There are 4 protein chains.
Amino acid sequence: MNARRRSDDRTETIMRTALDLALEVGYAKLSMEAVAARAGVGKDTIYRRWPSKALLFLDAVLSSRNTGLEHPDTGDIVADLREVMSRAADLLARPPWGPLYQDLIGEAQHNPDVAAALNQRFIQPQTADTLARLKVAKEQGQLAPDFDLDLAFEILSGPLYFRLLITQQPITQAYIDRLLRALFAGMAPEPHPR
Amino acid sequence: MNARRRSDDRTETIMRTALDLALEVGYAKLSMEAVAARAGVGKDTIYRRWPSKALLFLDAVLSSRNTGLEHPDTGDIVADLREVMSRAADLLARPPWGPLYQDLIGEAQHNPDVAAALNQRFIQPQTADTLARLKVAKEQGQLAPDFDLDLAFEILSGPLYFRLLITQQPITQAYIDRLLRALFAGMAPEPHPR
Amino acid sequence: MNARRRSDDRTETIMRTALDLALEVGYAKLSMEAVAARAGVGKDTIYRRWPSKALLFLDAVLSSRNTGLEHPDTGDIVADLREVMSRAADLLARPPWGPLYQDLIGEAQHNPDVAAALNQRFIQPQTADTLARLKVAKEQGQLAPDFDLDLAFEILSGPLYFRLLITQQPITQAYIDRLLRALFAGMAPEPHPR
Amino acid sequence: MNARRRSDDRTETIMRTALDLALEVGYAKLSMEAVAARAGVGKDTIYRRWPSKALLFLDAVLSSRNTGLEHPDTGDIVADLREVMSRAADLLARPPWGPLYQDLIGEAQHNPDVAAALNQRFIQPQTADTLARLKVAKEQGQLAPDFDLDLAFEILSGPLYFRLLITQQPITQAYIDRLLRALFAGMAPEPHPR
DNA sequence: CCCTAACCGAGACGGTACGTCGTGTCTTCTG
DNA sequence: CAGAAGACACGACGTACCGTCTCGGTTAGGG
């Protein structure tokens with residue numbers, strides 16, 4: 001009801017500053033000293049809140065905006081997935097967020113705390129949202145009763161991450177459509193499946 | 001024809017030392033100083049050969065062994081893919097190689113040189129090998145003429161990397177089988193696709 | 001008239017704590033934070049009373065005890081001086097007071113406030129006491145009318161401080177006797193002075 | 001014969017810089033960071049040579065000049081002592097050297113390394129020089145055979161240090177003369193000594 | 001006897017400096 | 001004469017205190 005508490009102000013100032021700097025020089029060259037200096041804050045004030053650069057960065061990235069990646073429900077599961085995948089590709093594979101997200105995942109590879117926090121705060125909610133939408137579709141009969149929702153999610157997500165992190169090929173709308181078509185129309189090895 | 005040249009010895013000594021140290025303390029805590037000291041080599045001798053820690057590490061990891069991930073051809077494309085995917089999962093997602101491979105990919109996220117070298121020296125050959133095997137299968141009529149080989153490769157690889165890098169769920173034989181079944185038996189959403 | 005006021009209690013608690021800590025870790029490693037923490041007192045409560053660590057320390061040392069260095073008057077000026085000098089050497093050049101006193105003088109070298117307070121609160125009273133005793137002796141005819149009292153005091157004190165602060169040689173009873181003998185029997189360079 | 005070695009240059013640069021800074025801001029506010037920055041040198045380069053600010057400062061002060069406090073020998077011991085004491089008072093009790101010397105002695109009060117080095121490198125040589133001059137005088141019959149040389153030195157030095165370090169009274173030529181007169185003419189307690 | 005202003009503990013805060021580590025370059029000296 | 005050894009300038013680390021500044025929670029005295 002009343003004004004935001006003093007310490008909260010600093011927390012947000014620091015995260016915003018960290019994000020700004022990360023956007024300017026990249027996560028690798030981000031330094032606690034620079035964040036402290038630009039934020040007009042003592043280093044202790046940062047270390048009191050985050051034990052490492054990695055977790056500050058994670059917090060800064062994940063707190064900075066609402067992802068806008070919630071699933072709509074137009075009644076057409078394929079259209080809805082297409083919509084969210086497109087938005088995700090636009091957001092996470094393009095500047096300014098793309099490099100930050102890549103760095104976050106890069107850091108997670110050798111930092112269990114970051115890996116855990118990233119999973120808990122971003123991957124799992126996003127996964128749960130997708131699975132919920134798929135579940136509704138299955139209940140509405142748009143998907144077969146034995147449709148493997150978990151696997152479907154990974155088949156849709158995996159290739160996108162593969163392109164983002166490994167081959168760095170662009171993730172186009174056409175590619176998303178190919179993926180969706182393969183998943184929902186079946187990728188039968190023979191001309192006439194079944 | 002005669003004994004290996006002196007400088008080659010050093011190159012290999014350094015790479016082996018770097019690899020040993022990386023296995024002991026992890027890539028993040030690997031230092032050029034430590035490599036030089038343990039290898040009994042001047043730091044310049046390292047910098048003369050590699051421009052950065054990242055590329056030395058990449059070289060050390062990729063040169064250290066033959067991957068053994070070439071595709072067999074038993075005539076059964078699914079069995080052959082299953083075999084290679086299992087071997088890859090065993091090799092790349094488990095200690096001692098798993099963490100190193102993860103670190104390599106992590107480093108690639110903010111280091112274009114590493115990303116390029118990793119692609120060129122590991123990902124692309126591996127991709128080409130798989131695609132070649134798939135092409136043979138298509139020519140033998142095991143796959144439909146319009147079967148999207150590139151996409152198939154990414155649908156098989158993507159989810160494995162997703163689990164390795166993002167969710168850190170285990171990559172079991174059962175999971176590989178689920179993936180292969182989905183891809184080759186089709187994942188029709190409705191009982192009677194099309 | 002009634003019980004000591006609350007704030008006085010704190011003042012003494014703080015000084016006592018400062019003294020304890022100084023005895024344990026030395027003045028150089030004494031910190032206001034540590035004093036506050038051990039005294040169970042806020043830092044402001046200390047700063048409200050003393051403007052700096054140095055002046056708190058000075059207060060703590062000088063308030064902690066009565067020196068017991070007042071001059072007796074047995075009628076024998078030499079014996080009386082000998083007595084006081086011995087007591088001073090025992091007190092100020094030996095643990096636990098010696099190191100504290102040395103630190104105080106050390107601090108005074110670059111802190112005019114400490115230098116002034118030390119002079120005013122310890123050195124000058126002590127000097128005045130000695131000079132008063134010498135004056136009585138002169139009036140009693142034990143000393144020549146033109147005996148230079150001020151200089152005599154400095155000749156007695158200077159060498160003691162020289163040993164305490166500079167050469168760190170022990171100040172023995174024998175040394176004090178040598179000093180007194182030199183001063184009162186004369187240190188004639190030639191067999192027959194003048 | 002050939003040019004000064006590189007590392008020697010840095011050693012001297014650092015000492016000179018430390019001395020300059022000490023003259024500007026005083027020893028208490030001298031910081032290793034500031035020395036390094038102004039000398040254009042990494043902090044490690046300083047720490048490789050001196051383990052602490054105190055020892056760097058000591059080295060800087062003691063190496064910076066020849067004291068010029070060697071004893072002349074005009075044949076008149078009193079005149080020679082007077083000469084050296086005057087020069088010492090001018091040098092050590094006046095800016096710019098006075099404050100530095102005071103700080104050095106101040107630091108020595110809680111730093112045994114500094115105390116030892118100061119004694120060994122400055123006090124003892126100076127003492128030895130004075131005693132040698134006194135010894136010559138005694139051999140020439142200017143001083144009585146039982147003249148206590150060591151004590152004489154301390155009676156001459158002690159009061160000067162007492163004024164410098166404790167009471168901060170000025171050390172005038174007149175004061176030096178009073179001291180010398182007292183020592184050599186005798187300070188008889190009675191009107192007619194002996 | 002309650003109210004209220006002063007005081008207090010606790011410790012966050014912006015700073016400064018510490019002493020250490022690793023980087024990539026540059027020197028020195030040796031086998 | 002190449003290479004080990006390591007010095008070097010630099011930048012960042014994470015820590016310790018400084019002296020100032022909130023923040024609530026007493027606490028005692030005056031109404």
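Chain A is the first sequence line, chain B the second, and so forth, proteins listed ahead of strands; every chain is numbered from 1. FYI, side chains are in, hydrogens and waters are out, and symmetry mates aren't considered; it's all heavy atoms of this structure. Everything numeric in this text was worked out from a predicted model, so none of it was measured.
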Does any residue of residues 102-118 of chain B have a heavy atom under 4.0 Å from DNA chain E, and if so, which ones, in number order? none

Could you tell me the separation between the CG atom of B:L165 and the CG atom of A:L165, rounded to the nearest 0.5 Å? 6.0 Å

side-chain contact (heavy atoms from CB on, under 4.5 Å) filter on B:Q168, not counting sequence neighbours, yields A:A115

Can you tell me how far CE of A:M15 sits from CG of A:L56, rounded to the nearest 0.5 angstrom? 8.5 Å

Take the protein atom CZ of C:R10 and the nucleotide atom P of F:dT26, then report the distance between them rounded to whole Å. 14 Å

Separation between CG of A:L104 and CD of A:Q109, rounded to the nearest 0.5 Å: 10.5 Å

Go through the structure and list residues passing side-chain contact (heavy atoms from CB on, under 4.5 Å) with B:L92, not counting sequence neighbours. B:L69, B:Y101, B:F122

Heteroatom pairs (N/O) under 3.5 angstrom, protein to nucleotides 13-17 of chain F:
unit_1: F:dC13; atom_1: OP1; unit_2: A:M32; atom_2: N; d: 3.0
unit_1: F:dC13; atom_1: OP2; unit_2: A:M32; atom_2: N; d: 3.1
unit_1: F:dC13; atom_1: OP2; unit_2: A:E33; atom_2: N; d: 3.0
unit_1: F:dG14; atom_1: OP2; unit_2: A:Y47; atom_2: OH; d: 2.2
unit_1: F:dG14; atom_1: O5'; unit_2: A:Y47; atom_2: OH; d: 3.4
unit_1: F:dG14; atom_1: N7; unit_2: A:K43; atom_2: NZ; d: 2.9
unit_1: F:dG14; atom_1: O6; unit_2: A:K43; atom_2: NZ; d: 2.9
unit_1: F:dC17; atom_1: N4; unit_2: A:D44; atom_2: OD2; d: 3.2

How far apart are the closest heavy atoms of C:L55 and C:W50, and which atoms are they? O-CD1, 3.7 Å

Under the side-chain contact (heavy atoms from CB on, under 4.5 Å) rule, collect the residues that match up with B:E107, sequence neighbours excluded. B:Y27, B:A54, B:H110, B:N111, B:V114

Quantify the bending of the helix from E:dC1-F:dG31 to E:dG31-F:dC1 as the angle between its end axes, each fitted on five pairs, to 10°. 20°

Residues that C:R38 engages under side-chain contact (heavy atoms from CB on, under 4.5 Å), provided they are two or more places apart: C:T17, C:D20, C:L21, C:E24

Rounded distance (Å) that lies between atom P of E:dG15 and atom CZ of A:R38: 15 Å

A:R121: side chain to side chain donor-acceptor pair (under 3.5 Å) partners, not counting sequence neighbours: A:D59, A:S63

Hey, can you pull the donor-acceptor pairs under 3.5 Å for the side chains in residues 28-37 of chain A, sequence neighbours left out?
unit_1: A:S31; atom_1: OG; unit_2: A:A34; atom_2: N; d: 3.0
unit_1: A:E33; atom_1: OE2; unit_2: A:K43; atom_2: NZ; d: 2.7

Could you check which residues of residues 19-27 of chain B get a heavy atom under 4.0 Å from DNA chain E? Sort them by number, please. none

Check whether any side-chain nitrogen or oxygen of B:R48 sits under 4.0 Å from OP1 or OP2 of F:dG3, and answer yes or no. yes

Round to a whole Å and report the spacing from CG of C:D9 to P of F:dT27. 14 Å

Applying side chain to side chain donor-acceptor pair (under 3.5 Å), can you list everything that pairs with C:W97, at least two apart in sequence or on another chain? none

Starting at CG of D:L56 and ending at P of E:dA17, how long is that distance when rounded to a whole Å? 15 Å

Please compare C:A37 and A:G42 by the position of their nearest nucleotide in DNA chain E and report the one closer to 5'. C:A37

Return no unless some side-chain N or O of B:T45 is found under 4.0 Å from OP1 or OP2 of F:dA2. no

Looking at D:R49, I'd like to know whether one of its side-chain N or O atoms comes within less than 4.0 Å of OP1 or OP2 on F:dC8. yes

Counterpart residues, side chain to side chain donor-acceptor pair (under 3.5 Å), relative to A:T167 (two or more places apart): A:Q169

Spacing of B:I14 atom CD1 and B:I46 atom CD1 [to the nearest 0.5 Å]: 5.0 Å

